[in-house]
Every structure is written in C-alpha cells, then in structure tokens.
Undergrad: 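The structure's right below; bear with me while I get my questions together.
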Amino acid sequence: MDRFTLALFDAIHDQSTDRTGDLAAMIQERSRMVMVLGGASILLAILVHLFFRRFLTSRLVALNGAVLARLSGSDATVPVEGNDEITDIAASIRYFIDEIDRRQMDLADNERRFRDLVEGSIQGIIIHRDFRPLYANDAFLQMFGSSLDRTLRVRSVLDFIAEDSRPLVEDNYRHIVATGLPSERRRLRARRLDGSERWIELTSRRIDWKGETAVQSIVVDVTREVEAEAALRRSRDAAEQALRELKETQASLIQAEKMASLGQLVAGVAHEVNTPIGITITGASQLALQFEELTRQLAAGAIKKSEFQRFLADGGEMARLILSNSTRAADLVQSFKMVAVDQSSDERRRFELRTYIGELLRSLRPVYKDVAGLDIGVDSPDELELDGYPGALSQILTNLVLNALTHAFTPHHPGRLTIAARLLPQDQVELTVADNGLGIPSDILPKIFDPFFTTRRGNGGSGLGLHIVYNLVTGTLRGTITAHSIPGEGTRFTLRFPRVTPTAGTTVGKAELV
C-alpha cells in the first residue's frame, strides 16, 4: 500500500513537475509575446505621435500662430498646404481674415473720408444727444467763436440759439427723434459765446452715434445773406418810393405837357383872333364916326344926297368888313373851343373824323401859318364816323403835327404834311401822319417813344410829346402805333385802332420802329 501510494505520489509529482515546467515555459513564452506587443505598441505610439506632430499638430500650431499674428496687426500669411480638412479650414480662416481686413480697411477709409468731409466742411456740424454736445467740427467752432473742449463742456447746444428760437428747436428735436425724418431748413437767430448774434440756417437728422441715438445738426452762417436781403429790401423800398415819385412827377409833367400844348393853342388862337377883332373894332369905330357925322349934318339940315350915298356905301363896306371878321373870329373861337374842350376832358362821343381833323387844323393854323411853303393835306372819307374819345385823338394829332413842325421842317426846307385815314377790315381804322421832311436818324428812331427823350432839350423840348402819343394810342384808343423814317425823305406815323373804342377790357398796344 505504501509502495502504491509512494508510486502514485511519484507519478503525480512527476506529472506535476512536467505540467509546471510546461506552464512555466508557456508563461515565459507569453511574457515574451506580451513584451514584444508592448514594445510594438510603444513604437506605434511613438510613430503615431511623430506622425501627428509632423502632419497635424505642427500645421495647426502654424495656423494658430498665423491667425494670432494677423490679429495682432502683422501681415503674416495663413499657410494653406495639402489637400485635406485642415487645408480647407486654413483656406476658410484665410478668407475670413482677409475679408475682415478688407472691411476694416474700407471702414477706416470711409471713416477717414467722413472725417475729411466733416472736418473740411465749410458748414458747421454738431452732434448732440438731448442737446448735450458730443462732437463739433472746425467750421462750427469758428462760427461760434469757441474751442472743441469749451463746446463739449457747454450744458446745452440751446445756449447757441437765441431765446425766442429755442422752443422751435426743441420741438424740432423731439420730432426728429420720434419719427427719424430730417427737419426742414429753418432760419434762426443764433448767439455766439461772446454774446454777439448771428443768423443761421439749421437742418437736423437722426443718426446712430456710438450705439445710441443722437442728432446731427448742419449749421450754415447766413448773416451776410440776411443783411444783404435787408439791404436789398431797403433798396427795393427806396426804389419803389422813387418809382412812385417818378410816376407822380411824370404824370404831372405829362399833364403839364398837355396844358403846354393847349396853352400853345391858346396863344396861337389869341394871336390869330386879334387880327379880325382889330379889324372889326376899327370898322365899328369908323362906322360910329360916320354915324355921328351923318347925325350932326341931319340935325343941322345940311345933309346932302351925295354924302348920304357915300355914307351908305362906306357903311355897307364897313358892315361887311365887320361881319366877315367877326365871323372869322367866331369860327376860330368855335374851332378852338371844340378842340380845347376835347383835349381837357375824357368824354366819349361820336364824331365824324374828316370834319374833326379840319376843326383841329383850323385851331392849329396860328401855329403853322407862318411856315413858308408848308402844305397840309387831309385825305379821309367823309362818311367815316368814330365812336370814342376825340380828346385823345386831338392830343395825338396835335403832338404829331407839332412834332413835324419842330423836327421835320426848317425855313429852308418846307414841305408837305399829309393826314390820311381809311377803314380797314374788322372795323379797324388806319390813320397816318406823314411828312417829306428831314427824317429821323436810325440811331434815334428806337428812342422816340421813350419818356423824356428829346433832341431839343436846350431849346425847350421836354421829350414827352411822342410818349404821350404812345400812351394815348395804346391805352385810350386800344390801338398800335408804328414809326417809319428814312433820313432825308421823311417820316410816317401809322396808327391802327378800333373804330368803336372798347368800353371794357384792355388791348395791349405796341410801338414798332422801322
């Protein structure tokens, strides 16, 4: 039993020893394998580390360094190499950084241009919030005699505005902030810091200033413009006053000219009437003496038939002489009375043109009778009747005839003056006054209707005769007047006006010079 047990123990021991050796060999083999695998893993980790450091980490580090350099203001270039995700990321980062740089440059350029524009503007610019100054350009500072520091310390920009204009500025500010709409240009009285006043034009708009709402006001100094406007108004008022006075003077001169022409007629008629009246007085005196002599002889009973017959012959001659000269004087007075009454009144009536022209020339005869060789003719149809203002027509013809006597004819150059009239279509009348006298020089012709223009100012000419004619033709008669003249051949004035003068409305007349 012992031997069996011992044999069994030995067998088990041997078997255990064998198994222990196999297990140790296996463990040793597995340990070597583990060590090999561990070394391989370490080597692989080292290789992976080296790979990432070479191909990933270094690129990321370089990319990060370039980004930090660009952010610090350097002009370093963001590396873009390879064809992988890192390359795409680097390209995107470079694009964004370049775009940011470009926009920053545009922003800086815009800001520089804005500052150049604002600082170099001749218009004053001030930015304020709740009337508290935030910024002012040089033009504003010079306009109000202040510095930037002093302006920014001002309690309110309203200090620059006259008190009576402040409520308007306050209302304007609230409207701009509430609506965002720019204000209209307003002219205000402003006040400099030294107390002197200026006139400004103010426009404002809402802006964003450093992230908050503010108001930008544009200020233009219009003091000189306001002063110039005031001076212009004073000058205009003075000119209007002078014009009114000139018109009043002109009206009185025109009236005086009318009275002067009427006075000339009076003087001429008085001179002309003196002759027949003198003859009438002489004849009546002689007739009275003959009556006294005849009466004395009759009382003495010594009258003879021959003396009585001589008295009858002489008395009849004296009576005819008295009658003819009295009639002549009466005709002169009647013609003058008709023309004078018409010239001094604006009465409208019907009159026959040819007869009226004859009466007018008869009243003017004392003026032109002494002009040797002068021939005045009238060419007008007998049936032409006008309905208008004979006084105006009398003034016109009188001035045109006197103008011709004054300027067209000389003692050594008498001629012919023709007054012609005819009826035109549409019930218009054409009246011409023409002479074959000296004519009007071409440089003077355009001025003849101007008031106060005369070539005989030193000889009593007023320069209003033809101006009166123009006003009467275009105003009273509602017509037109033209003047045609050839130096050395004569002058022709042509009037065209309605046969029946309109009673209402106005017709614009004109003067033409040829």
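Values below: all heavy atoms of this structure, side chains included; hydrogens, waters and symmetry mates excluded.
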Undergrad: Is the count of non-hydrogen atoms from other residues, nucleotides or ligands lying under 6.0 Å from Glu184 atom CD greater than 12?
TA: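 No, the 6.0 Å shell around CD holds no more than 12 heavy atoms from other groups.
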Undergrad: If every non-hydrogen atom of Ala214 is compared with every non-hydrogen atom of Trp209, which pair is closest and at what distance?
TA: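 Taking every non-hydrogen atom into account, CB-CB, 3.8 Å.
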Undergrad: Of all the heavy-atom pairs spanning Tyr470 and Ile481, show the shortest one and how long it is.
TA: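 Smallest interatomic distance, heavy atoms only, reads CD1-CG2, 4.0 Å.
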Undergrad: When rounded to the nearest 0.5 angstrom, what distance separates CG in Leu188 from CG in Leu202?
TA: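 Reported to 0.5 Å precision, the distance equals 5.5 Å.
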Undergrad: Are any non-hydrogen side-chain atoms of Thr476 and Thr501 less than 4.5 angstrom apart?
TA: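 Contact flag for Thr476/Thr501 side chains = no.
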Undergrad: How about Arg244: does its CZ atom have over 12 heavy atoms from other parts shown lying under 6.0 Å from it?
TA: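 More than 12 heavy atoms, drawn from other residues, nucleotides or ligands, come within 6.0 Å of this atom.
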Undergrad: In this structure, is the centre-to-centre distance between the rings of His484 and Phe493 below 6.0 Å?
TA: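 No, the ring of Phe493 stays outside the 6.0 Å limit from the ring of His484, centre to centre.
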Undergrad: So, taking the atom named CD1 in Ile376 and the one named OG1 in Thr418, what distance separates them when rounded to the nearest 0.5 Å?
TA: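 Between Ile376 CD1 and Thr418 OG1, I get 9.5 Å after rounding to 0.5 Å.
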Undergrad: I need the minimum non-hydrogen distance between Ala421 and Leu431, along with the two atoms involved.
TA: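 What the structure gives for the nearest pair is CB-CD1, 3.7 Å.
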Undergrad: Taking Arg191 for the side chain and Ala162 for the main chain, is one N or O donor matched with an acceptor at less than 3.5 Å?
TA: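 Such a contact is absent between Arg191 side chain and Ala162 backbone.
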Undergrad: Identify whether the distance between the nearest side-chain nitrogen and carboxylate oxygen of Glu197 and Arg189 falls below 4.0 Å.
TA: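 A salt bridge is present here (some side-chain N lies under 4.0 Å from a carboxylate O).
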Undergrad: Testing the 3.5 Å rule here: is there a donor-acceptor pair between the side chains of Gln216 and Arg205?
TA: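 Note: Gln216 and Arg205 side chains meet the donor-acceptor criterion.
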Undergrad: Nearest 0.5 Å, what's the CG-CD1 distance between Leu466 and Ile396?
TA: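 These two atoms lie 11.5 Å from each other.
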Undergrad: Which heavy-atom pair separates Thr213 from Arg129 by the least distance, and what is that distance?
TA: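 In this case the closest contact between Thr213 and Arg129 is O-NE, 2.8 Å.
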Undergrad: Does the side chain of Ile125 reach to within under 4.5 Å of the side chain of Phe140, using non-hydrogen atoms?
TA: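 Of all side-chain heavy-atom pairs linking Phe140 with Ile125, none is under 4.5 Å.
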Undergrad: Identify the two heavy atoms, one from Ile357 and one from Val378, that lie closest to each other, and give their separation to 0.1 Å.
TA: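 In terms of heavy atoms, the two residues are closest at CG2-CG2, 3.8 Å.
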Undergrad: With sequence neighbours left out, what residues match Asp130 under salt bridge (Lys or Arg N to Asp or Glu O under 4.0 Å)?
TA: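 For Asp130, no residue satisfies salt bridge (Lys or Arg N to Asp or Glu O under 4.0 Å) once neighbours in sequence are set aside.
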Undergrad: Distance-only, no hydrogens or angles: does the Arg166 side chain make a donor-acceptor pair with backbone N or O of Leu158 under 3.5 Å?
TA: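 Yes.
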Undergrad: Test of understanding: with side chain to side chain donor-acceptor pair (under 3.5 Å), list the residues that count as partners of Asp149, not counting sequence neighbours.
TA: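 Listed in chain order: nothing, the list is empty.
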Undergrad: Quiz question: by atom type and distance under 3.5 Å, do the side chains of His467 and Asn471 form a donor-acceptor pair?
TA: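 Yes, Asn471 and His467 have a side-chain donor paired with an acceptor closer than 3.5 Å.
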Undergrad: Could Asp450 and Lys447 be called an ion pair, given the rule that one side-chain N must be under 4.0 Å from one carboxylate O?
TA: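 No, Asp450 and Lys447 are not salt-bridged.
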Undergrad: Is there side-chain contact between Val215 and Ile207, with at least one heavy-atom pair below 4.5 Å?
TA: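 With C-beta onward as the side chain, the pair stays apart.
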Undergrad: With Arg348 as the cation and Tyr389 as the aromatic partner, state whether NZ or CZ is under 6.0 Å from the six-membered ring centre and within 45° of the axis.
TA: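 Pair Arg348/Tyr389 counts as cation-pi.
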Undergrad: Tell me, do Arg132 and Ser156 make a side-chain contact under 4.5 Å, heavy atoms counted?
TA: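 No; the side chains remain at least 4.5 Å from each other.
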Undergrad: Do Arg350 and Glu385 pass the salt bridge (Lys or Arg N to Asp or Glu O under 4.0 Å) test, and can you show the C-alpha distance, the side-chain angles, and the key distance before you say yes or no?
TA: CA-CA 7 Å; Arg350 291 177 175 270; Glu385 183 181 70; 3.2 Å; yes
Undergrad: Apply side-chain contact (heavy atoms from CB on, under 4.5 Å) to Phe409 and Asn436, showing your working.
TA: CA-CA 9 Å; Phe409 305 119; Asn436 60 350; 3.7 Å; yes
Undergrad: State whether the side chain of Thr406 and the backbone N or O of Leu402 hold a donor-acceptor pair below 3.5 Å, judged by distance alone.
TA: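 Yes, because the side chain of Thr406 sits within donor-acceptor range (under 3.5 Å) of the backbone of Leu402.
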Undergrad: Give, for atom CD of Gln123 and atom CG of Asp221, the distance between the pair rounded to the nearest 0.5 Å.
TA: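 So the CD of Gln123 and the CG of Asp221 are separated by 11.5 Å.
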Undergrad: Hey, does the side chain of Glu352 reach the backbone of Arg354 with a donor-acceptor pair shorter than 3.5 angstrom?
TA: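 Yes: the side chain of Glu352 pairs with the backbone of Arg354.
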Undergrad: Dump the intermediate steps for side-chain contact (heavy atoms from CB on, under 4.5 Å) on Arg174 and Asp171, then the final yes or no.
TA: CA-CA 5 Å; Arg174 286 191 290 267; Asp171 293 341; 2.4 Å; yes
Undergrad: Give a yes or no on whether the backbone of Ala420 and the side-chain of Ser380 come within a donor-acceptor separation of less than 3.5 Å.
TA: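 No, the answer is negative, given that no donor and acceptor are paired below the 3.5 Å cut-off.
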Undergrad: Return the CG to CG distance between Leu405 and Leu364, rounded to the nearest 0.5 Å.
TA: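 Nearest 0.5 Å value for the CG-CG distance: 8.0 Å.
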Undergrad: Could you check whether any side-chain heavy atom of Arg186 comes within less than 4.5 Å of a side-chain heavy atom of Thr203, counting everything from C-beta outward?
TA: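 Counting from C-beta outward, Arg186 and Thr203 never come under 4.5 Å.
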Undergrad: Side chains of Leu417 and Val401: does their closest heavy-atom pair fall under 4.5 Å?
TA: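 Result yes, sub-4.5 Å side-chain heavy-atom pair found.
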Undergrad: Below 4.5 Å, heavy atoms only, C-beta onward: do Tyr356 and Leu386 meet side chain to side chain?
TA: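 Heavy-atom side-chain distance check fails, nothing below 4.5 Å.
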Undergrad: Scan residues 227-240 for pairs that pass side-chain hydrogen bond (donor to acceptor under 3.5 Å, both in side chains), counting only residues two or more places apart or in two chains.
TA: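 Every pair satisfying side-chain hydrogen bond (donor to acceptor under 3.5 Å, both in side chains) with a residue in residues 227-240: Arg187-Glu229.
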Undergrad: Would you indicate whether the side-chain heavy atoms of Ile448 and Asn403 approach each other to under 4.5 Å?
TA: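 In short, these two side chains do not touch, never coming nearer than 4.5 Å.
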Undergrad: Can you tell me if Thr151 uses its side chain to pair, donor with acceptor, with the backbone of Ser147 under 3.5 Å?
TA: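 Checked: pair present.
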Undergrad: If you compare all heavy atoms of Leu472 against all heavy atoms of Ala392, which two are closest, and at what distance to 0.1 Å?
TA: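 Scanning both residues, the minimum pair turns out to be CD1-O, 3.8 Å.
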Undergrad: Checking Thr432 against Thr494: is there a side-chain donor and acceptor pair closer than 3.5 Å?
TA: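 The answer is no; no qualifying pair exists.
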Undergrad: Find the distance between OG (Ser485) and CG (Asp435) and round it off to the nearest 0.5 Å.
TA: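 Atom-to-atom, Ser485:OG and Asp435:CG are 7.5 Å apart.
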Undergrad: Test side-chain contact (heavy atoms from CB on, under 4.5 Å) on Leu495 and Thr480; report intermediate values, then the result.
TA: CA-CA 6 Å; Leu495 291 69; Thr480 63; over 6 Å; no
Undergrad: Testing Phe160, Tyr173, Tyr135 for ring pair (Phe, Tyr, Trp, His ring centres under 6.0 Å) with His128, which one passes?
TA: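 Exactly one option meets the ring pair (Phe, Tyr, Trp, His ring centres under 6.0 Å) with His128, and it is Tyr173.
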Undergrad: Are Val219 and Phe144 close enough, and set up right, to give a side-chain contact (heavy atoms from CB on, under 4.5 Å), and what steps lead you there?
TA: CA-CA 10 Å; Val219 184; Phe144 289 91; 4.2 Å; yes
